[in-house]
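Chain naming here is simple, since letters A, B, ... match the order of the sequence lines and numbering starts at 1 in each. These figures come from a predicted structure and were not determined experimentally. Heavy-atom basis, side chains included; hydrogens, waters and symmetry copies ignored.
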Amino acid sequence: MGTIQVLRGTRDILPEETPLWQHVEAIARLCLQRSAYQEIRPPMIEQTALFERGIGEATDVVGKEMYTFEDRGGRSITLRPEITAGLVRAVIENNLVAQGSVQRLWHIGPAFRYERPQAGRQRQFHQLDVELIGSRSPRADAEVIAIATEILTTLGLKSLTMDLNSVGNGSDRQRYRDALVEYLTPFKDELDEDSQDRLTRNPLRILDSKAKRTQEIVQDAPDLLDYLGDDSKHHFDQVQQYLTDLGIAYQINPRLVRGLDYYTHTAFEIQSADLGAQATVCGGGRYDGLIAQLGGPDTPAIGWAIGMERLTLLLKQLNAQPKTAMDVYIVSRGEAAEANALTLAHGLRQAGLAVEMDLSGSAFGKQFKRADRSGAIACLVIGDAEAEQGTTQLKWLHTGQQEERTQTDLLAGAKELRSQILAARQVNS
RNA sequence: GCGAGCGUAGCCAAGGGGUUAAGGCAGCGGAUUGUGGUUCCGCCAUUCGCCGGUUCGAAUCCGGUCGUUCGCCCCA
């Protein structure tokens with residue numbers, strides 16, 4: 001072929017799809033804004049060390065999925081594989097959390113992981129990311145989770161399920177980890193290959209292995225929730241209580257262990273059965289240790305990320321795509337008329353109308369055909385005669401009625417025209 | 001990184017060794033040189049993802065490669 005194609009695992013989001021993305025973003029903005037969250041826009045590239053230290057060297061994301069390269073100055077740079085780490089870096093660097101203060105932040109943008117693409121998984125994907133930094137309160141957990149469910153349900157998504165778990169604090173986890181390793185070691189030879197490997201590197205991850213025999217073994221493993229200290233247990237109970245108070249459905253999944261090292265206490269995932277193997281639409285949790293670990297003040301935080309591709313995939317299964325129809329389509333022929341058309345289009349747009357101007361210069365019949373397809377309610381016709389008299393034919397495309405207006409009257413009455421079009425559109429739909 | 005399936009126009013496709021590569025949608029042009037949504041006519045792949053091999057002959061068979069889909073792993 002010889003033409004250059006998009007990189008594997010990346011894709012173009014074409015004009016027919018962008019209205020859907022804009023709709024999601026509008027809903028998200030609305031929900032976040034009225035919950036006091038502010039947008040932040042950190043860079044997409046960071047020093048590699050940020051992710052190594054933040055996400056954890058033992059994780060798959062850092063171990064084998066990062067886009068890492070040297071820049072011309074010999075620095076090791078990485079395209080962010082997720083958004084939280086960079087956002088936390090920005091918070092620390094700009095001193096956004098003075099003692100006791102709370103920051104509510106959100107961001108939407110691409111992240112990159114070098115993985116084999118499949119349904120709901122790409123090398124460049126987009127996340128809507130929300131973080132509440134500076135509160136240890138279980139109300140913070142509940143607030144953040146509630147926003148996620150609100151966005152999802154406002155978009156019309158149903159039949160989602162939420163898994164909830166607590167992985168405790170550092171010492172809870174250490175004790176549990178020891179107990180788990182002790183339990184699993186006698187079964188070592190029966191575990192799947194990956195899990196054997198994790199027994200020393202990252203034993204908690206064995207819990208949500210999909211290998212059949214491993215699952216059987218894990219059935220009788222000690223329960224993480226039994227190893228929570230009193231504070232952790234209390235926190236978890238409170239979170240559950242608050243979610244119940246808010247009418248948010250969830251199920252406790254003691255084997256939910258998320259793949260990023262920084263999580264503490266609350267961990268949750270919202271899933272859909274309609275996504276295939278990549279069922280998680282939204283995942284998140286608390287990360288009370290991360291900020292200190294990255295050199296900031298000892299500050300608790302909780303957040304989540306929604307996968308935009310997976311979300312839009314679900315929405316596409318659901319409803320017809322929103323389309324942006326034009327209000328007015330301008331048809332013109334002849335040099336003077338075409339100049340008039342341009343001026344008219346400009347003026348009407350300034351008055352708030354959506355106007356498409358036919359640029360073809362082809363026969364009126366052809367131009368009307370396009371006018372029809374544009375979804376416009378009204379059509380303006382300017383030919384030699386109209387140009388000479390400074391008039392235009394205003395044609396209503398749904399009735400075929402046509403009236404003559406002077407161009408100046410039309411512009412002066414643009415507001416009225418706008419409400420007429422609005423009314424006509426209501427009747428039509 | 002591993003396994004399996006699939007690549008024919010912008011989209012959906014038929015064809016499974018012999019030369020003219022069906023059909024539909026969309027698009028463009030015309031019937032209708034100043035009036036649309038119907039209809040009719042015409043145009044729209046010297047080429048079947050790419051490279052190489054087998055053959056007198058390859059979209060068709062073989063090898064490789066790239067892409068894609070589904071799954072594993074992992075995650076959004």
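- Distance from the side chain of A/R8 is smallest for B/G67 among the nucleotides B/G34, B/G67, B/G30.
- When both distances must be under 3.5 Å, the Watson-Crick or G-U wobble mate of B/U33 does not exist.
- When rounded to the nearest whole Å, the span between CG of A/D358 and P of B/G34 equals 14 Å.
- To the nearest angstrom, P of B/G37 lies 10 Å from NZ of A/K395.
- Look at B/G34: its glycosidic torsion is beyond 90° from 0, and that puts it in the anti range.
- The separation between A/L313 atom CG and B/U69 atom P is 11 Å, rounded to whole Å.
- Of the charged side-chain nitrogens involved, none lies within less than 4.0 Å of a carboxylate oxygen, so that A/E309 and A/R11 do not count as a salt-bridged pair.
- Under 3.5 Å, the side chain of A/Q367 and the base of B/U35 form no donor-acceptor pair of N or O atoms.
- B/U35 has its base stacked against the ring of A/F368, the centroids being under 5.5 angstrom apart at an interplanar angle below 30°.
- Contact annotation for A/A305: backbone-only contact, meaning every heavy-atom pair under 4.0 Å involves sugar-phosphate atoms and none involves a base.
- Looking at heavy-atom distances under 4.0 Å, A/E269 makes no contact with the nucleic acid at all.
- Rounding to whole angstrom units, CZ of residue A/R11 and C1' of B/G10 are separated by 17 Å.
- For the pair A/L7 CG and B/U68 C1', the computed distance is 15 Å after rounding to whole Å.
- Of the listed nucleotides (B/U35, B/C73, B/A76), B/U35 has the atom at the smallest distance from the side chain of A/V381.
- Partner assigned to B/C48 is none, using Watson-Crick or G-U wobble distances below 3.5 angstrom.
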* To do: Go through the steps for A/E115 and A/R123 under the test salt bridge (Lys or Arg N to Asp or Glu O under 4.0 Å), then give the verdict.
  => CA-CA 6 Å; A/E115 296 186 275; A/R123 290 185 172 178; over 6 Å; no
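- Residue side chain A/R121 does not reach the base of B/C70 through any donor-acceptor N/O pair under 3.5 Å, judged by distance alone.
- A/E193 places its CD atom 17 Å from the P atom of B/G1, with the value rounded to the nearest Å.
- Taking the six-membered ring where the residue is Trp, the centroids of A/Y114 and A/Y67 are separated by under 6.0 Å.
- Between A/V6 and A/I382, the one whose closest nucleotide on RNA chain B sits nearer the 5' end is A/I382.
- A/Q118 places its CD atom 10 Å from the P atom of B/U69, with the value rounded to the nearest Å.
- The side chain to side chain contact (heavy atoms under 4.5 Å, CB included) test applied to A/D172 returns A/N169, A/R175, A/L228, A/S232, not counting sequence neighbours.
- Within 3.5 Å, no donor on the side chain of A/K64 pairs with an acceptor on the base of B/G1, nor the reverse.
- Between A/A277 and A/I270, it is A/A277 whose nearest contact on RNA chain B lies nearer the 5' terminus.
- A 3.5 Å limit on both hydrogen-bonding distances identifies no Watson-Crick or G-U partner for B/C75.
- Comparing B/U35, B/G27, B/G29 by their closest approach to the side chain of A/R373 singles out B/G27.
- For A/K395 and A/F368, the positive end sits near the middle of the six-membered ring, less than 6.0 Å away and at most 45° from its axis.
- Side chain of A/R333, nearest nucleotide from B/G1, B/G34, B/C70: B/G34.
- Contact of A/E386 with B/G34 (side chain to base): a donor-acceptor pair of N or O atoms is detected under 3.5 Å.
- Scanning atom types as modelled, no donor and acceptor separated by under 3.5 angstrom connect the side chain of A/R370 and the base of B/C28.
- Under the Watson-Crick or G-U wobble criterion, with both distances below 3.5 Å, B/U68 is paired with B/G5.
- Between the side chain of A/Q317 and the main chain of A/D274, a donor-acceptor pair closer than 3.5 Å is present.
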